[in-house]
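Numbers restart at 1 for each chain; the letters A, B, ... are given by sequence-line order, proteins then strands. Scope of the values below: all heavy atoms of this structure, side chains included, with no hydrogens, waters or symmetry mates.
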Amino acid sequence: MVYESYLCTSKIRIMFNKRIKIKELLAQEPKGQEATVMGWVKTFRNNQFIALNDGSTNNNIQVVAALGKFDDELLKRITTSASLKVTGTVVPSLGKGQTMDLNAETIEILGDSDPEQYPLQPKKHSLEFLREKAHLRFRTNTFGAVFRVRHALAFAVHKFFNEKGFVYMHTPIITASDAEGAGEMFKVTTLPLEGNIPKNEDGTVNYEEDFFGKATNLTVSGQLEGELGATAFGDIYTFGPTFRAENSNTTRHLAEFWMIEPEMAFYDLEDNMNLAEEFIKYIIRYAIANNKEDLEFLAQRLADEEKQLPQDKRSEMGLMEKLDFVLNNEFERLTYTDAIDVLKNSNYSKKKKFQYEITGWGMDLQSEHERYLVEKHFKKPVILYNYPAAIKAFYMRQNDNCEPGQQTVAAMDILAPGIGEIVGGSQREERLDKLQSRMKDMEVPAEELWWYLDTRRFGTVPHSGFGLGFERMVQFVTGMTNIRDVIAFPRTPGSAEF
RNA sequence: UCCUCCUUAGCUCAGUUGGUUAGAGCAUCUGACUGUUAAUCAGAGGGUCGUUGGUUCAAGUCCAACAGGGGGAGCCA
């Protein structure tokens with residue numbers, strides 16, 4: 001009579017909720033208390049010792065199945081990655097590798113894992129191999145650590161901005177504007193690709209027949225919409241998926257990635273740089289404070305990997321030292337113009353070690369030049385600012401009183417060792433006439449962006465913002481060298497498995 | 001998209017100037033052992049050498065195209 005539908009629900013859940021996470025259990029004093037844990041088998045040694053992991057930490061609880069206490073039939077099913085529920089008493093370990101044992105009273109197999117078919121073994125696998133098993137790689141130590149750190153960084157992003165009174169704004173994923181100029185876009189349509197596509201008289205596609213009544217794409221940036229928010233709330237940030245249809249095949253590009261884009265009213269370029277530097281340091285500090293074990297594991301992994309490299313290719317600092325160094329030092333700030341001077345006077349340039357010669361002011365910096373500045377010359381994160389207007393986007397603020405022929409814009413890029421550009425930002429052009437003339441010069445269709453220009457018509461203010469590639473940040477903090485290893489299911493040209 | 005390297009057992013890799021039946025470690029299976037730490041010991045099974053075509057008496061090995069992957073470049077975050 002009472003809650004009859006309850007009979008049909010999964011009563012076992014009540015049992016599940018009694019479990020303790022392994023991370024919590026390992027923090028306790030082992031003194032004979034009872035505990036229930038659930039997780040996946042890492043290894044089963046000696047028909048007696050089960051290393052069990054539940055993803056809360058890379059550390060395992062050693063479950064001891066006393067000899068003779070359990071059926072052979074049950075023990076046979078305790079294989080790599082089988083899922084178990086274990087209840088027992090927590091006691092100090094007799095062995096050396098761990099402080100506590102869970103002496104099993106009951107072992108329940110929640111899910112078998114056929115050892116003939118389960119692809120991961122308790123040994124080192126290459127990252128390339130694990131990339132093809134991306135659905136299972138979270139169960140490895142490396143990816144467990146990487147994705148817990150990724151979570152910590154994501155959480156810290158919201159914490160930082162919330163503490164500063166920023167409004168978290170959800171800018172659209174589907175956008176009608178293709179004027180952002182940040183690269184090739186993915187088309188969004190419900191028109192039948194394999195059927196009759198409505199055409200205009202001149203043979204072009206008639207998007208008026210499409211779902212939105214106009215051509216639409218996946219967003220390449222939330223910035224323009226972000227500026228609308230900033231000119232009302234003062235400070236906003238976005239943190240969402242971003243899509244680029246570039247045919248990029250590198251260790252630092254994805255077709256689908258996550259970007260953080262703060263946009264601040266009443267900020268000039270220097271305020272912008274200050275915020276970006278404070279922000280980066282804050283989220284690194286948060287990860288160290290909350291995921292130290294994971295980072296130390298990743299540091300060790302990286303150190304082991306680098307042992308196999310020739311001396312000159314190894315990093316000068318370990319991962320933890322590198323992060324500490326970043327926290328304890330100011331980022332080097334220099335103008336584009338000064339950077340060209342540094343490069344021109346460098347030994348690399350004089351000895352012609354650059355593949356692309358330093359031709360002088362106005363040239364776009366190649367990644368080898370950026371790497372030289374960051375990794376060889378300054379040996380720390382570098383903020384380059386005041387770039388030539390000709391190589392930057394239309395919305396960046398034109399600097400006043402430039403030398404003839406050396407017009408610059410208030411842009412800034414933050415370059416990180418090993419990763420390259422991690423932040424790109426600028427003070428925005430708030431003067432309507434200057435913005436309009438620049439759009440005209442760069443053939444940006446002003447009529448499509450009428451709503452953007454309205455911010456300059458009604459109470460325009462100086463404002464600034466930047467974009468930070470979240471995966472690149474995760475790479476920097478975890479030391480993972482390939483961006484495909486810091487996102488759960490990477491989307492790259494020719495690859496969208498899972 | 002361009003340059004470059006790689007593809008041999010479930011995984012990591014060896015395989016000589018082209019020459020008989022393609023090897024090792026780990027994993028798996030069977031057995032032994034039992035306070036182990038990627039447990040150990042013994043035995044067994046496991047291969048269309050990425051695909052297609054070519055050169056040759058003979059191709060894992062040489063050549064070509066294609067596919068997949070790594071690294072670098074460009075585009076960028």
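- For the OP1/OP2 pair of B/G72 and a distance below 4.0 Å, the side-chain nitrogens and oxygens of A/Arg371 include no atom meeting the criterion.
- Taking a cutoff of 4.0 Å between a charged side-chain nitrogen and a carboxylate oxygen, A/Lys392 and A/Asp413 qualify as a salt bridge.
- A/Asp364 places its CG atom 11 Å from the C1' atom of B/C76, with the value rounded to the nearest Å.
- Within the 4.0 angstrom heavy-atom criterion, only backbone atoms of the sugar-phosphate kind lie near A/Ser367; the bases stay farther away.
- The side chain of A/Gln121 lies closest to B/C11 when the candidates are B/C11, B/G74, B/C29.
- Under the 30°/60° scheme for interplanar angles, the aromatic rings of A/Phe147 and A/Phe138 are found to stand perpendicular.
- Atom CG of A/Asn60 and atom P of B/A39 are 11 Å apart (whole Å).
- Taking the ring centre of A/Phe476 as origin, the terminal cationic atom of A/Lys322 falls inside the region bounded by 6.0 Å and 45° from the ring axis.
- If you check every strand for non-hydrogen atoms under 4.0 Å, A/Lys96 touches a base.
- Comparing the C1' positions of B/G46 and B/C57 gives a spacing of 33 Å, expressed to the nearest Å.
- At the phosphate of B/A39, OP1 or OP2 sits under 4.0 Å from a side-chain N or O atom of A/Arg45.
- Under 4.0 Å is where a charged nitrogen must lie from a carboxylate oxygen, and between A/Lys380 and A/Glu330 no such pair does.
- Put simply, CG on A/Asn249 is 13 Å from C1' on B/C3, counting in whole angstrom units.
- Rounded to whole Å, the distance from CG on A/Asp101 to C1' on B/U36 is 10 Å.
- The CG-C1' distance, from A/Leu94 to B/U36, rounds to 11 Å in whole Å.
- Between A/Phe186 and A/Phe243, the two ring planes are perpendicular [angle over 60°; tilted spans 30° to 60°].
- Checked by distance alone, A/Gln117 brings no side-chain donor or acceptor within 3.5 Å of a matching partner on the base of B/G10.
- Among the protein residues, A/Thr251 comes within range of the sugar-phosphate backbone only, with heavy atoms under 4.0 Å from sugar or phosphate atoms but none that close to a base.
- As rounded to the nearest Å, B/A77 and B/C6 have P atoms that lie 35 Å from one another.
- Residue A/Asn247 places its side chain closer to B/U1 than to any other of B/G69, B/U1, B/G74.
- Residue ring and base: A/Phe49 does not count as stacked with B/A39 (centre distance below 5.5 Å and interplanar angle below 30° not both satisfied).
- Closest to the side chain of A/Arg472, out of B/G35, B/A77, B/U28, is B/A77.
- When heavy atoms are screened at a 4.0 angstrom cut-off, A/Gln62 is found touching base atoms of the nucleic acid.
- Here A/Thr43 reaches the OP1 or OP2 of B/A39: one of its side-chain N or O atoms lies under 4.0 Å away.
- Going from the P atom of B/A38 to that of B/C26 covers 14 Å, rounded to whole Å.
- Across the C1' atoms, B/A9 and B/A24 are found 11 Å apart, a figure rounded to whole Å.
- Look at A/Ser126 and you'll find a side-chain N or O under 4.0 angstrom from OP1 or OP2 of B/U12.
- Using a 4.0 Å heavy-atom criterion, one finds that A/Asn482 contacts the sugar-phosphate atoms exclusively.
- Phosphate proximity of B/A73 to A/Arg252: present, with a side-chain N or O under 4.0 Å from OP1 or OP2.
- Of the side-chain N and O atoms in A/Thr250, none sit less than 4.0 angstrom from OP1 or OP2 of B/A73.
- Using cut-offs of 30° and 60° on the angle between ring planes, the pair A/Phe161 and A/Phe166 is tilted.
- A close approach under 4.0 Å does not occur between any side-chain nitrogen or oxygen of A/Arg484 and OP1 or OP2 of B/G69.
- The same atom, C1', is picked in B/U52 and in B/U7; the two are 15 Å apart, to the nearest Å.
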**OP:** Could you provide the dot-bracket string of RNA chain B, using ( ) for intrastrand pairs, [ ] for crossing pairs and | for bases paired to another strand, with Watson-Crick or G-U pairs below 3.5 Å?
**Re:** (((((((..((((.....[...)))).(((((.......))))).....(((((..]....))))))))))))....
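- A/Phe129 places its CZ atom 12 Å from the P atom of B/U8, with the value rounded to the nearest Å.
- At the heavy-atom level, A/Leu254 lies under 4.0 Å from base atoms of the strands shown.
- In this structure, the CD1 atom of A/Ile50 is 17 Å from the P atom of B/A38, given to the nearest Å.
- Between A/Phe155 and A/Tyr286, the ring-plane angle classifies as tilted under the 30° and 60° cut-offs.
- B/G23 sits 25 Å from B/C5 when the C1' atoms are compared, rounded to a whole Å.
- Mapping A/Gln48 and A/Pro119 onto RNA chain B via the closest heavy atom, the residue that lands nearer the 5' end is A/Pro119.
- For A/Met259, counting side-chain heavy atoms from C-beta on, the closest listed nucleotide (B/A73, B/C29, B/A77) is B/A77.
- For A/Arg131 and B/G68, the CZ to P distance is 16 Å, given to the nearest whole Å.
- Note on A/Tyr356: only backbone sugar-phosphate atoms sit closer than 4.0 angstrom, heavy atoms only; bases stay farther off.
- Nearest-nucleotide assignment on RNA chain B puts the 5′-proximal partner with A/Asn103, out of A/Asp413 and A/Asn103.
- For the C1' atoms, the distance from B/C62 to B/U55 is 8 Å, rounded to whole Å.
- Between B/U40 and B/G35, the two C1' atoms lie 13 Å apart (nearest whole Å).
- Taking a 6.0 Å sphere around NZ of A/Lys281, one finds it holds more than 12 heavy atoms contributed by other residues, nucleotides or ligands.
- Comparing atom distances between the A/Gln98 side chain and each of B/G10, B/G69, B/U37 picks out B/U37 as nearest.
- Taking the charged nitrogens against the carboxylate oxygens, A/Glu256 and A/Arg244 have no contact shorter than 4.0 Å, which rules out a salt bridge.
- Within the nucleic acid shown, A/Gly95 comes within 4.0 Å of at least one base atom, counting heavy atoms only.
- Taking the six-membered ring where the residue is Trp, A/Phe354 and A/Tyr372 present perpendicular rings, their angle passing 60° and hence far from 30°.
- The aromatic rings of A/Phe160 and A/Phe279 sit tilted, their planes meeting at an angle between 30° and 60°.
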